[in-house]
Structure formats: C-alpha cells, structure tokens
Amino acid sequence: MPKAKVTFEDIGVTITVPAGTRLIEVSERVGAAITYGCREGECGTCLTQVISGGEHLAEPSVLEDQVLKDMFAPRGHRLACQAQVLDGDVVVKPA
Amino acid sequence: MQTGTMSTRPAPAVRVRPGQAVEIAERVHWIGVLDPDLRSFDIVLSTANGTTYNSYVVRGDKGVAVIDTVKEAFAPEFFQRLESVCSYDEITTIVINHLEPDHSGALPELMKRAPQAHVYLSSRAPMMFKALLKSTDVTPSAFTLVKTGSRLDLGGRTLAFYQTPFLHWPDTQCTYVPELGLLFSGDVFGCHFCDDRLFNDKVGDFGFSFEYYYAHIMRPFRQHVLAGLEQLEPLDLQLIAPAHGPVLRQNPRRYVQRYRELATARLNDQAVGEKTLLIFYISAYGATRRMAEAIATGAEEEEGVRVSLYDLEVGDVSPFIDLIETADGIAVGSPTINGDATKPVWDLLSSLHTIHVRGKLGAAFGSFGWSGEAVAMMEDRLKGLRLHVPFEGLRLKLVPTEEELAQCQELGRKLARHLVTPPGELFAEAT
Ligand SMILES: Cc1cc2nc3c(=O)[nH]c(=O)nc-3n(C[C@H](O)[C@H](O)[C@H](O)COP(=O)(O)O)c2cc1C
Ligand SMILES: [Fe+2]
Ligand SMILES: [Fe+2]
C-alpha cells in the first residue's frame, strides 16, 4: 500500500501513514495541537496550514472548498478532518 | 466621579450607577451590566453572587469602538450606559471577542442602531457569526476577520488583536490597546462575580470565583491556554478588562501568572521521563478487583511505565480527575450490574469533560454473571471521549481462573508497551 509521511511542525513529529489517512486521525494520535469540532467538515475548527507538500493531499471536496471560502481561509489551508494524505511528504501545523 | 488611575495611590471607590458608564482608563469606559441574581450559568457553572457582562467603549481621535456586548435580556440597560458616553452615529467599530450569547446577545440590536459600524471578529468566527445572525433580521454589511498581528488605528488608540482559539470557544480572541497596556481579554481572566465596585482592588474577595471559572471553563483547553499565554505574557499589561467579573487594575499580571500555574501540569515531576497508567476499578466480590491487580502486574513489567491502582468505591471522583489530566493512559473496570456498569464508574467517566483527555490510551475490563454489558458500554464511552482504545476490553465470567488472570496480565503488558512505543511506530502497527 502506498505510504506517506506527515510532519506536525508544532510538535516536531513525523509519522508514516497509509494512503487515504485523514490528517485529523494522525494528529489526534500523536497529540498535535490541531483542534476539531464536528469532524464532518462543517465547523471549520480544524483549519490547518499546509507548509509544504500540499500536492500530496487529495483535492478538497465541494463541501470543504465552501467551508474554506466561508472562513476566508488563506491559500495553503485545509480542513484536517477532510484532507486525506496520498503519498510523499507533507508538513502541516495548526492554523 | 470616575477614575482611571493605574498608579499605586489607592484609587477612589466608584460604584456602578444606572445609566452611567464607568471610566476605566483614559478614553475607555465600561458599559457593561450587572446580573446580581444569576445563580447558574451555562448549565455547568454556579455562582454565589451573580455575574457581570462587561462591555467597553474605546474612543480614539478617528473612531469609537465598542468591545463586546451583553446578554440579550440586559440590552436596554447596556444601551443606556452606552448612550452616556457616545452616540450611535459615532461608533465606527464593533469588536466581538467571543460570540457566545452572553456577549453577543445585544449585538444584532447594536448593529441596527449603528449600521455604519464595521464589525471585527476572529478569522475562526465567521461560521458562528452567520449561525448567530441567521435567526435575526440583521445581515452584516461590513465585517473584517482578524488574527494575531491584525491592528486597527482609532487615532491615538490602537486595537491589536490576539487570536486565542478555544479559550474557550473556537472564535475567542483578545483585543489589546498598546497605548494603555490594556487588554480586553473576553472570558479569559474573567469570573462570575458581581460587585458594583467593579475594580479588583475594591470588590469583595473573588479569588474563589476566579479559580472556579478557570476550572470549569478553561481547564478542558489546557494546551490552548498555554498557547494563548505565550502570546499574552509578553505584553505590557497595565489593566485587564475581562468580559465577566472585576476589572483587573491592581497587579493584573498576577492573574496571568495564575493561569500559567493552573495550566501547568501538576505533580508531573513525580514521574519524570516515565509514562503513567492509571487503573480504576470497583468490585463487589473481588473478581473485577483481581482483574485490575493482574492488569497492573502485567503493566509493571514494562520499563518506564508508572502504574497506579485505585478503588472507586471511595466515592468522590474529583481527585482522580486531577490524576487523569496528567496521565498517559487509563483502564477502567466495573462488574455488570443489572445490565449496566456501576455508578462510580459513570461518575468518573462523566466528569472527564472538565479536562483534556483526547488521544490518551484507554481500556475497559470487568467481571460479569450472564450478560456482561458493562465493558462494551465503558469502551463506547471512552471512545466517545476520543480516547484511543486499541485493545478490545476484557470480560470474564464470575471468578477469574489463573489462565484468565494471565490474559489480564497480558492486557496490562500490551497497554504499557503501547505507552512506551514511539508515535511513529504506533501508527504503523495499528493500521
Ligand atoms: C461551556 C460551553 C461549552 C460548549 N462546548 C461546545 C462543544 O464542545 N461543541 C459544540 O458544538 N458546542 C458547544 N457549545 C455551544 C452550545 O452547544 C450552543 O451554544 C448551543 O446553542 C446552546 O444551546 P441551548 O440554548 O439549548 O443551551 C458550548 C457552550 C458552552 C456554554
Ligand atoms: Fe464564553
Ligand atoms: Fe462569557
């Protein structure tokens, strides 16, 4: 199975995960400071800054796009409960 | 009549009067309301003598800002007080540090009375802002999302924003006036305490209320409190104006320090460099207790894990909440009684919302007679609280055999090993 590496810059932890893993699943496991509310991509509280490797995340869904827009999220931001890691190296931190 | 002094001279006492704003610093007024009769707040809090909803007006050469509003029922009194220091058409700016209804209740009406005013709120707040206004006939004509680093110049009075998410809602922020060393802190550093003398050096003793407010509102967000303090501590703080309770003009930094103390893990130094596993049980005939002891024995075999065993029969669970806050993992055991786990266990598991438990290791176990529902129910609860529950709970019928106790030891070993495994390997192993 393809694997990807996710680095949480706030706590300095890098983790190898299977493709398709959502950022929030990894962050709660390792104790990164990304917070979340609904986990359904609606509340926007898990907003996360992608520092590098954004191209290794699956494209945002229509829903995620809408929420990011509603929140006026700057470029390079994603919802951790939605964004799935595909491959390669991704570096993120809480927004 | 009014005072805004920040010197060491004792300040004259003022009392809040109907329809009158209170000057708290040069060109800054308190326009909040007193709610002396309130006894219960947000369902989860009680208060012995009410609370206040603090709102403020800052006057600059180029504009006038209103910081937060009050609970809707108190809007008339709030507007009266506001009118004593400014007219609606002067208001250029409305800052919302926190959208909870106790501070945003009068906001829709304020936006109607001052339609030209521009609203400033945290960049984490727009979804909630929409949800708040959706039941009103107000649509915001102009609002700006701010975050740490955003500033607004009112002419001789600057508003500098500090985003402090989850103190205690996603949208919470603080607003700082650098010219005065004045921090509008929202719920942070606030408390439910009502005293018409308003300032911390004049009101009755509110120490208990301050601690109580922290324990019930801020404590679940310990990590966020620490992150917030990193931003607020470096500020020159002459005056802290929170959204509830006394205005902190005498030794304001003391309250910031207290937050630092409260948010810093207690007793952690007992187990430096070690992981901690707490095992809680309750047992009528000793079967669940023997399971607990066996889990502890197994877990202790692992180097670097400190294991503690507690009987919940002692009743009061609050000391355990403190322990769990700093622990790395918990295992909870109860027999099945009438198709359920027992009350002491539920008391424990229903008190964990006051602390941060997400991501801690969790496990359940228990003895049963014929149906054995308790273990699955406890497990569901642990998962619902977002603990990480990688190992299936252990259910044993009536009195455990040696072989069954060996299974308990094995569960203990697995839990302990899990705690000392680096996160990276852990993830790979579990998926
Ligand atoms: C102390 C406190 C904590 C809250 N925590 C959450 C939360 O974790 N998740 C959530 O969705 N809403 C949370 N809320 C928001 C309430 O659910 C929301 O304000 C709701 O509309 C209140 O409903 P009520 O009018 O029936 O009391 C919280 C509110 C308070 C006062
Ligand atoms: Fe609040
Ligand atoms: Fe509040």
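Only heavy atoms go into these numbers, but all of them, side chains included; no hydrogens, no water, no symmetry mates.
Contacts with chain A were tallied for B/Q223, B/M127, B/R358; B/R358 has the most, counting heavy-atom pairs under 4.5 Å.
The closest side-chain donor-acceptor pair between B/T164 and B/Q231, if any, does not fall under 3.5 angstrom.
A ring-centre distance under 6.0 Å is not found for B/H224 and B/H168.
Neither the backbone nor the side chain of B/K360 comes within less than 4.5 Å of any heavy atom in chain A. Contacts between A/A73 and chain B at a heavy-atom distance below 4.5 Å are absent for every atom of the residue.
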| query | Does the pair B/R219 and B/E325 meet the rule for a salt bridge (charged side-chain N to carboxylate O under 4.0 Å, His left out), with working shown? | reply | CA-CA 10 Å; B/R219 186 178 178 187; B/E325 184 171 31; 2.6 Å; yes

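Checked for salt-bridge contact, A/R78 and A/E59 miss the test: no charged N lies under 4.0 Å from a carboxylate O.
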